[in-house]
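On a predicted model such as this, the values are computed, not experimentally measured, just so you know. Note that the numbering runs from 1 along the sequence shown for the chain. Each ligand, and each atom within it, is numbered from 1 in the order the structure gives. As a basis for the values below, the full set of heavy atoms in this structure was taken, side chains included, without hydrogen atoms, waters or symmetry mates.
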Amino acid sequence: MTQDIQTLAEPAAEPRKVFIKTYGCQMNVYDSSRMADALAAEGYEPTENVDEASLVLLNTCHIREKAADKVYSALGRLREMKKTRTAEGKEFTIGVAGCVAQAEGEEIIRREPGVDIVIGPQTYHRLPAALKQVRTGRRVVDTEYAVEDKFEHLPDPKKVAGRPRMVTAFLTVQEGCDKFCTFCVVPYTRGSEVSRPLAQILREAEKLVANGVKEITLLGQNVNAWHGEDEKGRPMGLGDLLYRLAEVPGIARLRYTTSHPRDMDDRLIEAHRDLRLLMPYLHLPVQAGSDRILKAMNRRHKAADYTALIDRIRTARPDIALSGDFIVGFPGETDADFEATMRLVETIGYAQAFSFKYSTRPGTPGAELTDQVPEEVKTERLARLQELLLKQQHDFARSLVGKTMDILLEKPGRMDGQMIGRSPWLQSVNVDAKTLQIGDIIHVRITDTGPNSLFAEVAQG
Ligand code: 5AD
Ligand code: SF4
């Protein structure tokens, strides 16, 4: 490996630049930053400007058809760019990483021969080696589930020149999913559940804090399925992990996403009760409100199980706000099934939510079902659901006007002297804060709401 680093770092007179485009979920955002770490060790600087990049990486998402389509249209544009660059005698390498890479492998190069590297989510630590091969004129497709632990082969996350200072960071603690919801490609693209060991997670968290990070969001496709062992070999779950991370000096805020209702155990609910550092915000997708559809989705819980669970969580942490994911138009969904989803949303009351039309994913059991819902019905249901969810989101925001809360300042605002912070409930908060710095946690009073953010003034105490 050391040899590789030398050979790759030497020839470039000017630092090579990499442009990484991230599609999809937060796991991809995390993976992109770790790919940037791996490439920084090879002398690559990140750039936001594709025109100055010699390497373009698309970190892709396969969750819905549209997400995958976007990748191919971006590749079409890159093909043209590559032609021009090559004619000018410039280096221009195109890499496809992430879930489309994993799902489609060599097919990507067949469709888009300009692509040099196809690398899956489990092998991106091998990116430097792949680049070396590309320089010898080869193409690389690496989508196996690596036997080695990629995290052990990645350099530590560090401050990278050209990357803005981060006070919030993602930390992947778990990958993959064994739940096999019948609509979902994740168990196929990301593989089965794997948890990172405690020591590795603590080390990464300490490193992030040393780099100025105040808030860490633990990530996993099924994050609350995380399990590990403490130093004495005793089993741990995500709740235990949160208690341990809360002891790491310098961590001011903790979050985690995405969870499955089946894995919300008592210890995790206790963590919400006990840990002030754990933000009172939980993304807990239910997907649908009809038991018949939940069964067809293989969710392995009923609507009433979900509402009872939310009651327990709210009892433990009364100020907790909920977020969720919903799918409308799953095969066989009737008007009555959809109304059950609407009722569930009314019952729970979400602060935020994501909702989608069902999208058939090849290779999933859902794709075999025949009673597909017509597109116009899906469109109409989605519009109704989104209207309700948006209303709940605005109601929640408005309920905060006049209240005080701590916000973590993340970046300068658009106006001079203004900063943007994050509320405990993940909302952006604009505040006039001339003397304050990014990374400060300040106490504010909410004065007003905007379409996608809150306005606040600094409050005493
Ligand atoms: N069609 C529509 N939405 C989907 N999701 C996952 N698979 C599909 C699909 N085939 C949604 C689920 C999941 C979120 C990340 O994406 O709501 O929770
Ligand atoms: Fe997909 Fe279901 Fe696993 Fe979530 S729990 S990643 S929706 S299979």
Side-chain angles (χ1 to χ4, degrees), residues 22-31 60-70 98-100 102-103 121 172-195 217 219-226 238 256-264 282-290 293-301 303 305-306 309 322-333 337-338 341 344-345 348 350 352-369 372-373 375 377-379 381-382 385-386 389:
T22 309
Y23 299 84
C25 66
Q26 288 114 325
M27 296 285 288
N28 271 10
V29 175
Y30 173 87
D31 287 350
T60 62
C61 172
H62 201 240
I63 196 99
R64 285 169 292 275
E65 199 177 352
K66 256 194 204 152
D69 287 349
K70 274 193 205 156
C99 294
V100 175
Q102 187 65 43
T172 292
V173 299
Q174 180 279 341
E175 282 191 287
C177 182
D178 294 340
K179 294 284 187 292
F180 289 93
C181 300
T182 53
F183 51 80
C184 186
V185 286
V186 167
Y188 311 97
T189 53
R190 291 278 179 159
S192 56
E193 273 173 28
V194 179
S195 294
T217 302
L219 293 183
Q221 266 90 27
N222 218 321
V223 71
N224 58 344
W226 182 87
L238 186 69
Y256 62 92
T257 197
T258 286
S259 298
H260 193 287
R262 291 271 299 202
D263 294 321
M264 284 305 299
L282 176 62
H283 183 62
L284 194 62
V286 65
Q287 312 294 355
S290 145
I293 295 297
L294 287 169
K295 188 153 198 276
M297 287 177 163
N298 191 33
R299 290 290 295 177
R300 294 185 268 173
H301 59 76
D305 301 328
Y306 182 80
L309 176 62
L322 270 301
S323 148
D325 291 341
F326 297 89
I327 296 177
V328 300
F330 186 79
E333 185 187 71
D337 291 322
F338 174 67
T341 300
L344 184 66
V345 172
I348 301 292
Y350 287 90
Q352 225 267 320
F354 303 94
S355 47
F356 315 97
K357 288 183 204 174
Y358 171 70
S359 162
T360 307
R361 306 313 289 129
T364 60
E368 310 293 312
L369 301 172
Q372 296 289 330
V373 174
E375 191 59 26
V377 176
K378 287 187 201 171
T379 305
R381 287 180 188 165
L382 187 67
L385 176 61
Q386 290 190 335
L389 290 168

In ligand 1, which numbered atoms sit nearer than 4.0 Å to a non-hydrogen atom of Tyr358?
1 (N), 2 (C)
I'd like to check whether Arg64 has a polar contact with ligand 1, where a contact means an N/O of the residue lying under 3.5 Å from an N/O of the ligand.
yes
Could you see which bit of Lys357 sits under 4.0 Å from ligand 1, with heavy atoms only: side chain, backbone, both or neither?
backbone
What residue and atom, counting heavy atoms only, is the protein's closest point to atom 6 (C) of ligand 1, and at what distance?
Ile63 CG1, 3.4 Å
Considering only non-hydrogen protein atoms, determine which one is nearest to atom 18 (O) of ligand 1 and report residue, atom name and distance to 0.1 Å.
Asp325 OD2, 2.6 Å
Got the closest protein heavy atom to atom 17 (O) of ligand 1, with its distance?
Gln287 OE1, 2.6 Å
Below 6.0 angstrom between ring centroids: does that apply to Phe183 and Phe356?
no
Quick note on ligand 2: atoms under 4.0 Å from a heavy atom of His260 include exactly 5 (S)
Do Asp31 and Arg190 sit within salt-bridge range, that is, some charged N less than 4.0 Å from a carboxylate O?
yes
Distance-only, no hydrogens or angles: does the Gln174 side chain make a donor-acceptor pair with backbone N or O of Gln221 under 3.5 Å?
yes
Between Ser359 and Glu65: side-chain donor-acceptor atoms closer than 3.5 Å:
no
Could you check atom 8 (C) of ligand 1 against the protein and tell me its nearest heavy-atom contact, residue, atom and distance included?
Phe183 CD1, 3.7 Å
What protein heavy atom sits nearest atom 3 (Fe) of ligand 2, and how far away is it?
Cys177 SG, 2.2 Å
Nearest non-hydrogen protein atom to atom 1 (Fe) of ligand 2, with distance, is Cys184 SG, 2.3 Å
For atom 10 (N) of ligand 1, what's the nearest protein heavy-atom neighbour? Residue, atom name and distance, please.
Ser359 O, 2.8 Å
Glu375/Lys357 ion pair, N-O < 4.0 Å
yes
Phe183 heavy atoms within 4.0 Å reach ligand 2 at atoms 7 (S)
For ligand 2, which atoms sit closer than 4.0 Å to a heavy atom of Cys181?
2 (Fe), 5 (S), 7 (S), 8 (S)
A student checking ligand 2 against Pro187 at a 4.0 Å heavy-atom cut-off should list atoms 8 (S)
Judged on heavy-atom distance to atom 4 (Fe) of ligand 2, which of Lys179, Gln221, Arg262, Met297 sits nearest?
Gln221
Ring centre gap for Tyr188 and Phe180 strictly below 6.0 Å:
yes
Closer than 3.5 angstrom, by distance alone: can the side chain of Asp178 be matched with the main-chain N or O of Glu193 as a donor-acceptor pair?
yes
For a quick test of reading the model, state the closest non-hydrogen atom pair linking Cys177 to Asn222 and the distance between them.
SG-ND2, 3.2 Å
If you draw a 6.0 Å radius around NZ in Lys70, do more than 12 non-hydrogen atoms from other residues or ligands fall strictly inside?
no
Given the rule in the side chain to side chain donor-acceptor pair (under 3.5 Å) test, do Ser355 and Gln386 qualify, once you have shown the distances and angles that lead to the verdict?
CA-CA 7 Å; Ser355 47; Gln386 290 190 335; 3.0 Å; yes
Atoms of ligand 2 less than 4.0 Å from Phe180 heavy atoms?
8 (S)
